[in-house]
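Structure, as structure tokens:
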Amino acid sequence: MALLHRAELRPTKLELLAAWLPGRPWYQGAAAADVERVAAFRFDDPAGAVGVETMLVRAGTGPIHQVPLTYRDAPLDGADDWLIGTTEHSVLGRRWVYDGCGDPVYVATLTDVIYSGGVQADEYFEVDGAVEHRAPNMLVTGSGVADADIPATGALRRVTDEEDSTVVTTDSVQLTVLRRLPAGNPVAGAILTGTWDGQPTPVTLAYADPTLSPDHAQRR
């Protein structure tokens, strides 16, 4: 589960994205367009150290863009190319915000959800000492099954932004994260699909392909 804080962020996530998105090769929209949130979901970091959130956003009248984000309490070594920016969190202090495609925690959690048939994390707020559930505004599902072999992703070998996606190559799996939604994309195989308000038909968000031998897999 994801335990969230009612807090102020300066700058906000959308302000960070408004400055960062126009520089991406897969971005479509005006450089000065306001960025609005369409939907979002979270994954759990098993270690509980990194926030893992995927946002669907739209800039002006442009298409919906998928942006996985990770939130860290310190810089991630070797990930300067994937740093979106820093923000001051009124509860947690300074947070380093990364494009999740360049963060091994997001890559591992995405792989796990795809192959295990997982779903988004349940989200809760702590209010006056009580924990309140927040209803999801986006539902995602992996295509796998609970007892599947989960590839051990290991190091990120290559991360490549393409025209409409980002491809992440690890020791054992290659992940393709679709950036513009909905798109003509695979509806079979090892995939993550999602629905949200206004999009009741499942849309493929990401898909996985093995890159190396089964020796790199670990039993879940």
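On a predicted model such as this, the values are computed, not experimentally measured, just so you know.
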Exercise. Is there a donor-acceptor contact under 3.5 Å linking the side chains of W26 and D161?
Worked result: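 Distance-only check passes for W26 and D161.
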Exercise. Is it true that the side chains of T87 and R94 contain a donor and an acceptor less than 3.5 Å apart?
Worked result: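 Distance-only check fails for T87 and R94.
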For this session: Check the pair R179, D99 against salt bridge (Lys or Arg N to Asp or Glu O under 4.0 Å), reporting the backbone distance first and the verdict last.
Result: CA-CA 12 Å; R179 293 295 199 166; D99 176 0; 2.9 Å; yes
For the residue pair [X] and [Y], what are the closest heavy atoms and their distance?
X: G154; Y: D171; answer: CA-OD2, 3.7 Å
X: A39; Y: W196; answer: CB-CB, 3.8 Å
X: L175; Y: A208; answer: CD2-CB, 3.5 Å
X: A49; Y: D45; answer: N-OD2, 2.9 Å
X: P63; Y: Q28; answer: CD-O, 3.4 Å
X: V35; Y: L21; answer: CG2-CD1, 4.2 Å

What's the separation between atom [atom1] in [X] and atom [atom2] in [Y], rounded to the nearest 0.5 Å?
X: L17; Y: E36; atom1: CG; atom2: CD; value: 12.5 Å
X: Q66; Y: T204; atom1: CD; atom2: OG1; value: 10.5 Å
X: D209; Y: I191; atom1: CG; atom2: CD1; value: 11.5 Å
X: R42; Y: M138; atom1: CZ; atom2: CE; value: 14.0 Å
X: L139; Y: D197; atom1: CG; atom2: CG; value: 11.0 Å
X: T111; Y: I150; atom1: OG1; atom2: CD1; value: 9.0 Å

Taking C-beta and beyond as the side chain, do [X] and [Y] meet within less than 4.5 Å on heavy atoms?
X: L83; Y: L76; result: no
X: R37; Y: N137; result: yes
X: T166; Y: E162; result: no
X: F43; Y: V113; result: yes
X: L110; Y: V177; result: yes
X: C101; Y: V107; result: no
X: L178; Y: L205; result: no
X: I84; Y: Y98; result: no

Problem set entry | T201 backbone acceptor or donor facing Q199 side chain under 3.5 Å | yes
Problem set entry | Side chain S172, main chain A152, donor-acceptor under 3.5 Å | yes
Problem set entry | H65/R58 under side-chain contact (heavy atoms from CB on, under 4.5 Å): CA gap, chis, key distance, verdict | CA-CA 6 Å; H65 293 85; R58 178 184 280 117; over 6 Å; no
For this session: Decide side-chain contact (heavy atoms from CB on, under 4.5 Å) for E53 and Y106; before the verdict, give the C-alpha distance in whole Å, the side-chain angles of both, and the deciding distance to 0.1 Å.
Result: CA-CA 9 Å; E53 180 180 28; Y106 167 75; over 6 Å; no
Is it true that [X] and [Y] fall in one hydrophobic cluster, defined by side-chain heavy atoms closer than 4.5 Å?
X: V67; Y: L56; result: no
X: L192; Y: V52; result: yes
X: W82; Y: M55; result: no
X: Y27; Y: L69; result: yes
X: L156; Y: Y207; result: yes

Problem set entry | Residues, nucleotides or ligands: over 12 heavy atoms within 6.0 Å of D34 CG |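 Atom CG in D34 is not packed in, count stays at 12 or less.
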